[in-house]
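Report on the structure given below.
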Amino acid sequence: MNTSIARKTSIQDTDHLIILINELAQLKSFELNEKEWAYAQKCWEEEQKGFVINQYSRMVFVTVLKDEKEAARKAAHALHGQLNANKIAEVTVIGALNNKAVSLAFSEGLALSNYQFLKYFTDKKAHSLRTINLCDGTEDADADELQAIIDGTFIARDLVNEPLSYLTALQYSQDIEALGKECGFSVEVFHKEKIEELKMGGLLAVNLGSIDPPTFSIMEWKPAGATNKKPIVLVGKGIVYDTGGLSLKPTANSMDMMKCDMGGSAAVVGTMAAISKANLDIHVIGLVPATDNRPSGNAYAPGDVITMYDGTTVEVLNTDAEGRLVLADALSYAKQYDPELVVDLATLTGAAARAIGKQGVVAMGTDTATMSALKVSGDNVHERIAEFPFWEEYAEDLKSSIADLKNLGGPEGGAITAGKFLEHFTDYPYTHLDIAGPAFMLAPFNYRGKGGTGVGVRLMFDFLKNKSA
Ligand code: BES
Ligand code: ZN
Ligand code: ZN
């Protein structure tokens, strides 16, 4: 389902309007009649955050905002229900408060609120809203960019919301190929034979219990005018379903949302889609190692020692710590690109989710410049970054008595020891983003919705856009 962002330069008196103000006087140019004006004044005096003027030929939704982007996104979400209740298909957002960033954030929040995943309903009760028009104070480029960001986020949400019954690793790679064609980035997929030839021991071990083959998808966006000489590589955890494997997830419900365990890779795919649609001048490669993780007669077992793509041997002590195994192979694979920097995104640990919940992204790494830039982007798009320590002592917990590493840390600092495991497979400026908390919502969470949130797409888009500028 699409939400179109368009531009409107002249407004008809049948166009439904949303007028954003921070002063009552900003309504003056809209030629309200006497009764309407008196009503607006009354609402303003009562400090209402929003009110509606029904002009019969159209609705005028007035929203009172401060100069704060996240409040604007949330206000848009609050209004979204009203637009649907009035069966409005097209609306024009007028930023009378003269703050382009806030107006755009409002439109972004409105578009993000309009997302639905209806594929599996027989009776598809779709929202009425289809088109959001930007107007004065914005340019065509703003609409195009917002459309790219929304599309990328919706792509990530769709992928996360797809259950394993559709989205096997193989199907995932096919969806990525189709998206590459649609959006303009190139895609190469390694299938099981090639993955075996390359000896990606982490991805192959996790896949042993599966009835479906693994895939390793490589996406590339390389515009002629790229501002970076060395590519930026994004790596995403692509566990299409995580049962825990033989270390089966214990409690009731703990598996219910595990179709979201490819959320990191969905963010990478959504980012590739967004940057190619927006034609960002930056060379980016995206890597997605994908498989499900499940028990079977052939599944990898606690105690197994496996040899990774880079030759490192790993003692597997818990088959539920599978994300780091597939990511490690992709991170080693990334070395051949001589990357400027690498960022991975992963629903990696319950520990990260327990530490900060859904309110932000846990981050750690060896690349201070990228960490600073990600914090700026995180604040811009409100996918905020919580930096965790990355002290070398944490790596001591990963020492094995039988192999180079074990895949399980101690009882404390689980998000960090997981990051330390990954760091072993890097030799470039590296940042790890653990999105286990914000990737998937069991209950609606404002404009982020219910189910897959697409977290990471807006963050990485903003980061890459700033890099390319
Ligand atoms: N996919 C999970 C992490 C997760 C938890 C994602 C909750 C989203 C929501 C991951 O593979 C996992 O099971 N991690 C274990 C690691 C442990 C065995 C070291 C965990 O966090 O319990
Ligand atoms: Zn797991
Ligand atoms: Zn997992």
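Because only heavy atoms are used, hydrogens play no part in the values below, and waters and symmetry mates are left out as well, while side chains stay in. All ligand and atom numbering here is 1-based and tracks the order in the structure.
Distances from the Zn ion (ligand 3) show that D320 has no N/O/S atom below 2.8 Å. Note on D261: not counted as a metal contact of the Zn ion (ligand 2), no N/O/S atom lying under 2.8 Å. Because the distance cut-off is set at 2.8 Å, G323 fails to qualify as a neighbour of the Zn ion (ligand 3), as none of its N, O or S atoms comes that close.
Any N or O atom pair closer than 3.5 Å counts here, and E322 shares at least one such pair with ligand 1. No N or O atom of N318 sits closer than 3.5 Å to an N or O atom of ligand 1.
Ring orientation note: the planes of Y333 and Y337 are nearly perpendicular, at an angle over 60° on the 30°/60° scale. Relative orientation of the H80 and H127 rings is perpendicular, given thresholds of 30° and 60° on the angle between their planes.
Nearest to atom 14 (N) of ligand 1 among the protein's heavy atoms is L348 O, 3.5 Å. Looking at atom 9 (C) of ligand 1, its nearest protein heavy atom turns out to be M258 CE, 3.6 Å. Given atom 20 (C) of ligand 1, the protein heavy atom at minimum distance is G350 N, 3.8 Å. Nearest protein heavy-atom contact of atom 2 (C) of ligand 1 is D242 OD2, 3.6 Å. The nearest heavy-atom contact from the protein to atom 15 (C) of ligand 1 is D320 O, 4.1 Å. Closest to atom 6 (C) of ligand 1 among all protein heavy atoms lies T347 O, 3.6 Å.
Distances from the Zn ion (ligand 2) to each N, O or S atom of D242 single out OD2 as the nearest. The name of the N, O or S atom in E322 nearest to the Zn ion (ligand 2) is OE1.
Within a 6.0 Å sphere centred on NZ of K119, other residues, nucleotides and ligands contribute more than 12 heavy atoms. The number of heavy-atom neighbours closer than 6.0 Å to CD of E393, taken from other residues, nucleotides and ligands shown, is above 12.
Annotation for ligand 1: atoms under 4.0 Å from non-hydrogen atoms of L408 are 19 (C). Atoms of ligand 1 lying under 4.0 Å from at least one heavy atom of K249, given by number and element, are 2 (C), 12 (C), 13 (O). Counting atoms of ligand 1 from 1 in the listed order, those under 4.0 Å from a heavy atom of K237 are 1 (N), 10 (C), 11 (O). Near R324, meaning under 4.0 Å from any of its heavy atoms, are these atoms of ligand 1: 16 (C), 19 (C).
Under 3.5 Å, the side chains of D281 and T227 contain no donor-acceptor pair of N or O atoms.
For Y166 and Y120, the distance between ring centers is not under 6.0 angstrom.
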Give the intermediate values and the outcome of salt bridge (Lys or Arg N to Asp or Glu O under 4.0 Å) for residues R354 and E412. CA-CA 12 Å; R354 281 190 296 276; E412 295 159 348; over 6 Å; no

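At a threshold of 4.0 Å, the pair E322-K237 counts as salt-bridged, since one of the basic side-chain nitrogens sits closer than that to a carboxylate oxygen. Between D397 and K420 no salt bridge is recorded (no basic side-chain N to carboxylate O distance below 4.0 Å). Taking a cutoff of 4.0 Å between a charged side-chain nitrogen and a carboxylate oxygen, D379 and R384 do not qualify as a salt bridge.
T291 pairs in a side-chain hydrogen bond (donor to acceptor under 3.5 Å, both in side chains) with only one of the listed residues (N207, T168, T215), which is N207.
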